[in-house]
2 protein chains.
Amino acid sequence: MKPSTSIQDYLKRIYELTESGSPASTNDLARELNIKPASVTGMIQKLASEKPALIEYQKHQGVTLTSAGKKAALEVIRHHRLLETWLVQTLGYSWDEVHEEAEKLEHVISEDFERRIAAALGHPLRDPHGELIPTADLKMPLDDTTPLSALRKNQSGKILSIKGADADLLRYLDELGLTPNTMIEVIDYSPFDHNLTIKVEKKTHVLGLSVTSKIFIEES
Amino acid sequence: MKPSTSIQDYLKRIYELTESGSPASTNDLARELNIKPASVTGMIQKLASEKPALIEYQKHQGVTLTSAGKKAALEVIRHHRLLETWLVQTLGYSWDEVHEEAEKLEHVISEDFERRIAAALGHPLRDPHGELIPTADLKMPLDDTTPLSALRKNQSGKILSIKGADADLLRYLDELGLTPNTMIEVIDYSPFDHNLTIKVEKKTHVLGLSVTSKIFIEES
DNA sequence: TATAAAATTTAGTCTTGCCTAAATTATTGT
DNA sequence: ACAATAATTTAGGCAAGACTAAATTTTATA
């Protein structure tokens, strides 16, 4: 069964709040949804105990999405971002006017409608705000323009390209095994200096922002 | 406050069922809405007893719309028909595919969205099914192509034109005062022979289908 | 480390809008 | 006119999803 509008909103917010790797707290979720924390607890308990669970939840520990939940969330986000793109292109909305409209439409359009606007727009990669649009098979793309520095704890991917590095840096990265096509995994993130601890072929390294912003990756 | 999606559906169906002049029965409404008759009774009782009542209701007598209710219904119908027109024209839907999609979208689009698609379409008079689209000020247009024979009890309007009448008929209508710009009022309708009893300048006349189908009017 | 503050959960309530079963009112055929 | 039938309404319930107030757990501070 398709999740209700309310549940779709929960999933969408949980997705956004957990993009950084850490679980979403009841309080944060309540704030994002304009709902009282007590109500959020009730809903996440229900969502966690359903047949195919959409979320992972332990009392007092916050929530994360299961892979089923993530798919459902990406479906809504895809609808939202395609709608924004479409409204801007075909009805002359400005980028700051579309959000509210898409927020309502995203819950009611059919899959057929989704396919039609995606095709009409030429399967765009980003919406008018520059945000990436999840693909038709419900994966969030991490394209060339997404630097390693945007990844957080527990995310992993494959190096696509390295841009703007001088010969010295390239040699250094090569020594560490950081070349295109290599798989990497983010072990930790320091919010203070934006240093990332990453694992590459069994070894871990700590890299600063000046380096991670030059390495472009694709999520695995 | 904007009526809920459920209430909008009730109003839309009541509008359709009462177009012929007679009130809508609980049973018919239940059938149209795919809802049990007992549930309909509950809802119409609520709607009839609200601050600005949207419907007129007497036990066992069926319901009609108040003018506020009619406005709300026409708003939904306008949304629906504009959406159908727009989906067909911009996304290549065929006329038989759009209904379901419009049925969901009609409840969530903003007034701004309505204005934008109306303008983009050049303020169309009819939707892809040929149905008239209510105007922006929420009146159902009765254009040149709508004959007097389509009107029912309690409807009134102004004669726009007379088409296909021979000299004898024109002279006869002129005697009765039935000329363009004259206000008329339907007093009664006979479903057996389609005779209409109408009032024109304090006098009433009974007209047959062969006459009423040649007089074109605009609702007042 | 004890305690105050903040976050979270529990318990109980409310509204919307639907349902079933039973009672009542209207309508219809003879 | 009067029973049989159809339509309608009443009464009681349920699920979703929100809320408040109070209890509990966690975190932070002195």
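Naming: A, B, ... by sequence-line order, numbering from 1 per chain.
Rounded to an integer number of Å, the gap from CD of B:E50 to C1' of C:dG17 is 13 Å. The distance between atom CD1 of A:I44 and atom C1' of D:dA18, rounded to the nearest whole Å, is 15 Å. Regarding B:L47, its CG atom lies at a distance of 12 Å from the C1' atom of C:dT16, rounded to whole Å. The CE-C1' distance, from B:M43 to C:dG17, rounds to 6 Å in whole Å. Between the CD1 atom of A:I7 and the P atom of D:dA16 there is a distance of 8 Å, rounded to whole Å. Atoms CE (A:M1) and P (D:dA16) sit 10 Å apart, rounded to a whole Å. Nucleotide D:dT8 holds its C1' atom 11 Å from the CD atom of B:Q61, rounded to whole Å.
OP1 and OP2 of D:dT25 both lie 4.0 Å or more from every side-chain N or O belonging to A:K59. At least one side-chain nitrogen or oxygen of B:Y57 sits closer than 4.0 Å to the OP1 or OP2 atom of D:dT9. For A:S39, no side-chain nitrogen or oxygen approaches OP1 or OP2 of D:dA18 to under 4.0 Å. Distances shown here put every side-chain N or O of B:Y10 at or beyond 4.0 Å from the OP1 or OP2 atom of C:dT16.
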Under-3.5 Å N/O pairs linking protein and nucleotides 11-15 of chain D:
none

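Side-chain contact annotation: B:T5 with B:Q8, donor-acceptor N/O pair under 3.5 Å absent. No side-chain N or O of B:S6 forms a donor-acceptor pair with one of B:D9 less than 3.5 Å apart.
Relative to the side chain of B:H60, the nucleotides D:dT10, C:dG17, D:dT8 differ in distance, and D:dT8 lies closest. Checking C:dC18, D:dG17, D:dT8 against every side-chain atom of A:S6, the shortest atom distance belongs to D:dG17.
Contacts with DNA chain C (heavy atom under 4.0 Å) in residues 12-36 of chain B: B:I35, B:K36, listed by number.
Salt bridge status for B:E103 with B:R81: absent, with no side-chain N to carboxylate O gap under 4.0 Å. A salt bridge does not link A:E111 with A:K2: every distance from a Lys NZ or Arg NE/NH1/NH2 to an Asp or Glu carboxylate oxygen is 4.0 Å or more. Ionic pairing of B:R126 and B:E84 is not present here: no N-O contact between side-chain nitrogen and carboxylate oxygen is shorter than 4.0 angstrom.
Taking the six-membered ring where the residue is Trp, B:F113 and B:W86 present perpendicular rings, their angle passing 60° and hence far from 30°.
Every side-chain contact (heavy atoms from CB on, under 4.5 Å) that A:A68 has, sequence neighbours left out, goes to A:L54, A:T66.
The six-membered or imidazole ring of B:H107 lies away from that of B:H79, with a centre-to-centre distance of 6.0 Å or more.
Between B:T18 and B:T64, the shortest heavy-atom distance links the atoms CG2-CA, 4.3 Å.
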